[in-house]
Protein chains: 2
Amino acid sequence: MLLPVPTYQSKSACSSCNLAEICLPINLSEFETYKLDELSPVKRSFSRSDYLYRSGDKFRSLFAIHSGSFKTQILHEDGREQVTGFQMTGEIIGLDAISTDIHACEAVALEDSVVCELPFNKLEALSREIPTLQRHLHKIMSREIVRDQGIMLLLGSMRAEERLAAFLLNLSQRFAARGLPATQFELRMSRQEIGSYLGMKLETVSRAFSHFQAQGLISVKVRTIEIVNLAGLQACLNSSRQ
Amino acid sequence: MLLPVPTYQSKSACSSCNLAEICLPINLSEFETYKLDELSPVKRSFSRSDYLYRSGDKFRSLFAIHSGSFKTQILHEDGREQVTGFQMTGEIIGLDAISTDIHACEAVALEDSVVCELPFNKLEALSREIPTLQRHLHKIMSREIVRDQGIMLLLGSMRAEERLAAFLLNLSQRFAARGLPATQFELRMSRQEIGSYLGMKLETVSRAFSHFQAQGLISVKVRTIEIVNLAGLQACLNSSRQ
DNA sequence: CATCATTTTTGACATATATCAAACCTGTTT
DNA sequence: AAACAGGTTTGATATATGTCAAAAATGATG
């Protein structure tokens, strides 16, 4: 698997943000779960295209996405921008800012979304007391590193259609991990945003979609995607120029 | 600044690995420095092209590069490989493996090198006791995330010559941060390895070097590089298509 | 429903980079 | 010194993807 699929376990519907289950899905003792309440996370709602944080903002918290989805992007001086990721329910966002205490990238809601704010000071204090939480936090950060390196592999050594295939397969697995249909889903992002993420122009993204459809691998209707031939799409990835 | 330059402070020559100064350059109290000895790091030597670890190896330790340099690379099933980074003295290597307890990539010495092995269990235990160390570890991991995202920007939105310019400028800054000449240095890696890292073929790397030389920006003699016109090289970066 | 703005698709063409091939270095071994 | 291997440079050509432009689809608004 090229792009790693973060582990995620959905439990019961959680209207009051149950940290131990949703935001930080780990197994803790009753006492530890109690301690975790010290985080006293706040939930915040965002509408489509709202900023969760902007580049240059002071870093205070990590955010666990409770529902909805976001994109993160870096802005380069000369106006270039690069989407560095699309995040969905259960994923943690904001890790890049720990290094400098300033957000290096910005996070924008792709749809109406709710996030759970996790003050980083408290998270660090708690993880000194709860080794399981400490290890979990380290794994989350490491997983982000592995994810980013997977994208480096993708950008550095795959051609356009392979990249798009990898992207669709990754989305498919992440939807499946959330109990959603794996072969039929709505894209929350534009061709332009997909292109930025995958290092290609929006026209190339569109052409690749059309080509996959012509090959009978998928069915595209603007942002509604159905994967018709999963194995075929996976084969796209391996059938590369050496 | 595109590619982040890790902070690094060289102190006196350290023949016995002084952790607090070299491997983990942070300010600690005397007591904390004493505690840090509990890590009892082991130094290990490697010759050029030796593996520090291989993909699939069980994860036990992070490694601080004491002298020399390494490359890290991911191997894809179909034989493709992607260099994900070049690491030099003072940098920490192995963070990707925390997420799964298995090394996802492999690290190969680019020259004779010495590393300082930091058992991760002990590092975690210590960082529960020493908040400064905990924060430092988090910053190191976050910095790796930022670095990787910088490379995503590079791979996703820059053309070949811009990427090479960014690479040279980054190397230059990292040498300077170590008290080495910023405008004259030896490349430790082949054109092929640079190409893999920057998402281009070795011939394209070679041509870009030649072109920079023809423009009077640098002087190349195989692996000996001299930056003749630093500002000109920086201008390469900003003068991008749109 | 008509209009408008935005996004998406498709086409024709341009170009950056890959590919293939040969010559040239550089350092090492015999 | 000669021969060799691996890396590097350079050239000719192919091709994937970008660029520019127009049409088509979609969704929002009055």
Side-chain angles (χ1 to χ4, degrees), chain A residues 47-49 71 80 82-83 108 110-112 154-168 186-215 218-225 236-237 239-242, chain B residues 47-49 71 80-83 108 110-112 154-168 186-215 218-225 236 239-242:
Chain A
S47 302
R48 182 176 149 63
S49 84
K71 67 170 173 178
R80 254 181 296 213
Q82 167 83 24
V83 172
V108 183
L110 294 174
E111 62 190 308
D112 292 353
L154 178 144
L155 291 171
S157 73
M158 293 175 40
R159 43 178 56 188
E161 291 198 355
E162 294 177 294
R163 284 178 236 169
L164 188 64
F167 173 70
L168 289 174
E186 287 288 312
L187 298 175
R188 297 298 177 188
M189 65 295 284
S190 69
R191 300 288 187 262
Q192 153 75 41
E193 287 163 336
I194 296 172
S196 170
Y197 182 59
L198 299 178
M200 53 210 255
K201 293 292 155 184
L202 67 93
E203 295 94 328
T204 309
V205 175
S206 178
R207 276 184 242 273
F209 272 127
S210 300
H211 188 217
F212 284 158
Q213 180 161 249
Q215 288 175 294
I218 65 174
S219 153
V220 198
K221 208 180 160 197
V222 192
R223 296 197 181 185
T224 307
I225 302 289
C236 273
L237 274 182
S239 72
S240 66
R241 53 175 174 193
Q242 89 127 311
Chain B
S47 303
R48 182 178 148 61
S49 85
K71 68 170 173 178
R80 253 181 296 212
E81 68 181 46
Q82 167 83 23
V83 172
V108 183
L110 293 173
E111 62 190 308
D112 293 354
L154 179 146
L155 291 172
S157 72
M158 292 174 43
R159 44 178 55 189
E161 291 198 356
E162 294 177 293
R163 283 178 237 169
L164 189 64
F167 173 69
L168 289 174
E186 287 288 311
L187 297 176
R188 298 296 178 190
M189 65 295 283
S190 69
R191 300 288 187 263
Q192 152 75 43
E193 286 163 337
I194 296 171
S196 169
Y197 181 59
L198 298 178
M200 52 210 255
K201 293 292 155 181
L202 67 94
E203 295 94 327
T204 308
V205 175
S206 177
R207 276 183 242 271
F209 272 128
S210 301
H211 188 217
F212 284 158
Q213 180 160 250
Q215 289 176 292
I218 64 173
S219 153
V220 198
K221 208 180 159 197
V222 193
R223 296 199 182 186
T224 307
I225 302 288
C236 273
S239 73
S240 66
R241 54 178 172 193
Q242 94 122 314

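Letters go in sequence order (proteins before strands), and every chain restarts at 1.
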Test for a donor-acceptor pair under 3.5 Å between the base of C:dG11 and the side chain of A:R207, counting only N and O atoms.
yes
For the side chain of B:S190, counting heavy atoms from C-beta on, which of C:dT9, D:dG7, D:dT10 is nearest?
D:dG7
Side-chain N or O of A:T204 versus OP1/OP2 of D:dG18: is the shortest distance under 4.0 Å?
yes
Is there a donor-acceptor pair under 3.5 Å between the side chain of A:R163 and the backbone N or O of A:G199?
yes
Passing option when A:V205 is tested against A:E161, A:R191, A:Q192 for side chain to side chain contact (heavy atoms under 4.5 Å, CB included)
A:R191
Could you please name the option among C:dA18, C:dC20, C:dT10 that lies closest to any side-chain atom of B:M200?
C:dA18
Atom CD of B:E161 and atom P of C:dT17: how far apart are they, to the nearest Å?
8 Å
Rounded to whole Å, please give me the gap between CD in B:E203 and P in D:dA14.
16 Å
So what does A:S206 hit on the nucleic acid, given a heavy-atom distance under 4.0 Å: a base, only sugar-phosphate, or nothing?
base
Separation of B:M158 atom CE from D:dG18 atom P, in whole Å?
16 Å
Find the distance A:R159:CZ to D:dT15:P and express it as a whole number of Å.
11 Å
Rounded to the nearest 0.5 angstrom, the CD-NZ distance for B:E81 and B:K71 is 6.0 Å
Classify the nucleic acid contact of B:G195 as base, sugar-phosphate or nothing, counting any heavy atom under 4.0 Å across all strands shown.
nothing
Check: B:R48 side chain, B:D112 main-chain N or O, donor-acceptor pair, under 3.5 Å
no
Expressed as a whole number of angstroms, how long is the span from A:K201:NZ to C:dA14:P?
19 Å
Rounding to a whole Å, what distance do you find between B:R188:CZ and D:dG7:C1'?
16 Å
Rounded to the nearest Å, what distance is computed from the NE2 atom of residue A:H211 to the P atom of nucleotide C:dT10?
12 Å
How many whole angstroms separate atom CD of A:E162 from atom P of C:dA18?
14 Å
Closest approach to the side chain of B:S210, judged atom by atom: which nucleotide of D:dT8, D:dT9, C:dT17 is it?
D:dT9
So, is A:R191 close to the C:dT6 phosphate, meaning a side-chain N or O under 4.0 Å from OP1 or OP2?
no
Before giving the answer on side chain to side chain donor-acceptor pair (under 3.5 Å), spell out for B:S196 and B:Q82 the whole-Å C-alpha distance, their side-chain angles and the decisive distance to 0.1 Å.
CA-CA 5 Å; B:S196 169; B:Q82 167 83 23; 4.5 Å; no
Quick one: which of C:dT26, D:dT26, C:dT17 gets closest to the side chain of A:K221?
D:dT26
